[in-house]
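Below you'll find the structure, written out as structure tokens, and then a few comments.
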Amino acid sequence: MELQPEMHRWDVTPTEAVALQRQLKERVVLHPPAGLRVERIAGADVSTEKGNDTGFGGIVVLDAATLTPVAQAGSAVTLGFPYVPGLLSFRELPVVAVAWERLTVKPDVLIFDGHGIAHPRRLGIASHGGLLFGIPSIGCGKSLLVGTHGKLGEARGATSPITHKGEVVGMAVRTRKAVQPVYVSPGHLMDLPTAVELVLRASPKYREPETTRQAHRLVNALRRADGEAAELE
DNA sequence: GCGACAG
DNA sequence: ATCTTGTCGC
């Protein structure tokens with residue numbers, strides 16, 4: 001099951017988007033493919049501008065062992081959906097999808113800046129993106145959308161389960177000593193233990209995974225380059 | 001009805 | 001997310 005460009009249309013209303021999420025969540029698989037080998041791990045991100053409706057997307061693929069970039073792709077797409085908490089994927093995935101199509105070297109796992117199943121309807125951008133691209137995916141957010149968790153130790157590697165409506169939907173993970181944790185949840189073709197392990201492995205030095213940091217760097221560079229080109233008109 | 005609310 | 005300067009701490 002590869003990319004599914006026609007999974008559904010993107011020009012929908014918020015009400016239709018919610019209905020699509022309820023339907024799509026049934027397809028999410030919460031365990032990794034048998035014998036998954038993570039040699040390449042990637043990060044996806046989108047950057048937007050204040051007085052503009054253009055979204056700059058990007059994906060950076062890293063060697064999982066060295067966390068060195070091996071491939072990348074960017075995109076600039078007009079945003080067709082507003083930011084609505086719980087419907088982030090309808091705003092950002094169309095942008096990420098263009099970058100994904102341009103990516104010549106595909107990763108084994110894709111980490112999104114946002115949540116997976118730690119979502120009101122269990123279909124955050126990581127789960128939706130994993131389904132769309134047919135790839136194992138992980139959600140790694142900087143703040144919670146839903147759920148609560150207990151206190152966690154100060155050491156790097158400390159964790160505490162995120163619970164929502166009686167279900168464990170993710171894990172608060174301390175990637176740096178005495179620094180606010182990140183919130184990890186499975187996207188698609190992924191389970192929580194593996195997601196936590198991969199995020200920790202990808203975050204040896206900073207709070208956020210190197211995948212997310214590199215993708216963030218790429219999309220911001222694209223946005224600034226576009227802004228400077230516009231000034232010379 | 002009120003508060004919360006990824007990026 | 002973006003708009004913005006300086007500032008506290010390792």
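Chain letters run A, B, ... following the sequence lines, proteins first and then strands; every chain starts at 1.
- No side-chain donor-acceptor contact under 3.5 Å links Arg22(A) to the backbone of Arg121(A).
- The backbone N or O of Gly150(A) lies less than 3.5 Å from a partner atom in the side chain of Ser160(A), making a donor-acceptor pair.
- Counting only Watson-Crick or G-U wobble pairs whose defining distances are both under 3.5 Å, DNA chain B contains no stem of 3 or more consecutive pairs.
- Counting heavy atoms from C-beta on, the side chains of Thr194(A) and His31(A) never come closer than 4.5 Å.
- Arg27(A) and His188(A) form no side-chain donor-acceptor contact under 3.5 Å, judged by distance and modelled atom types alone.
- Within the 4.5 Å cutoff, the side chain of Leu87(A) has heavy atoms near those of the Pro14(A) side chain.
- Remark: Tyr83(A), Pro85(A), Gly86(A) in residues 75-86 of chain A come within less than 4.0 Å of DNA chain B through at least one heavy atom.
- The aromatic rings of Phe133(A) and Trp100(A) lie parallel to each other, with less than 30° between the two planes, well short of the 60° mark.
- Put simply, chain A comes within 4.0 Å of DNA chain B, heavy atom to any atom, from dC5(B) to dG7(B), going 5' to 3'.
- In this structure the side chain of Leu110(A) never reaches within 4.5 angstrom of the side chain of Ile138(A), judged on heavy atoms.
- No donor-acceptor pair closer than 3.5 Å links the side chain of Asp63(A) to the backbone N or O of Thr68(A).
- Residue His216(A) is in sugar-phosphate contact alone, with no base atom involved, counting any heavy-atom pair closer than 4.0 Å across all strands shown.
- The backbone N or O of Val179(A) sits less than 3.5 Å from a side-chain atom of Arg174(A), completing a donor-acceptor pair.
- For the pair Ser89(A) (side chain) and Ile125(A) (backbone), a donor-acceptor distance under 3.5 Å is absent.
- Secondary-structure stems of DNA chain C, taken as three or more successive Watson-Crick or G-U wobble pairs (i with j, i+1 with j-1) under a 3.5 Å distance threshold, are lacking entirely.
- The minimum heavy-atom distance between Gly43(A) and Ala215(A), with the atom names listed, is O-CB, 3.5 Å.
- Checking the phosphate oxygens (OP1, OP2) of dT2(C), a side-chain nitrogen or oxygen of Asn220(A) falls inside 4.0 Å.
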Protein-nucleotides 4-9 of chain C N/O pairs under 3.5 Å:
none

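- Look at Arg91(A) and you won't find any side-chain N or O under 4.0 angstrom from OP1 or OP2 of dA1(C).
- Arg122(A) and Glu167(A) are joined by a salt bridge, as a carboxylate oxygen and a charged side-chain nitrogen come within less than 4.0 angstrom of each other.
- Contact check for Ile41(A) versus Arg201(A): no side-chain heavy atoms found under the 4.5 Å cut-off.
- Note: Arg156(A) CZ to Leu200(A) CG = 5.0 Å, rounded to the nearest 0.5 Å.
- Using a distance-only test at 3.5 Å, with no hydrogens or angles considered, a donor-acceptor pair links the side chain of Arg207(A) to the main chain of Lys142(A).
- A heavy-atom distance below 4.5 Å is not found between the side chains of Leu189(A) and Ser137(A).
- Judged purely by distance below 3.5 Å, without hydrogens or angles, the side chains of Thr212(A) and Asp113(A) never pair a donor atom with an acceptor atom.
- Going from atom CG of Asn52(A) over to atom P of dT2(C) covers 13 Å, rounded to whole Å.
- Within residues 138-167 of chain A, the residues having any heavy atom under 4.0 Å from DNA chain B are, by residue number, Gly141(A), Lys142(A), Ser143(A), Leu144(A), Leu145(A).
- Here the side chain of Arg40(A) pairs a donor or acceptor atom with the backbone of Lys106(A) at under 3.5 angstrom.
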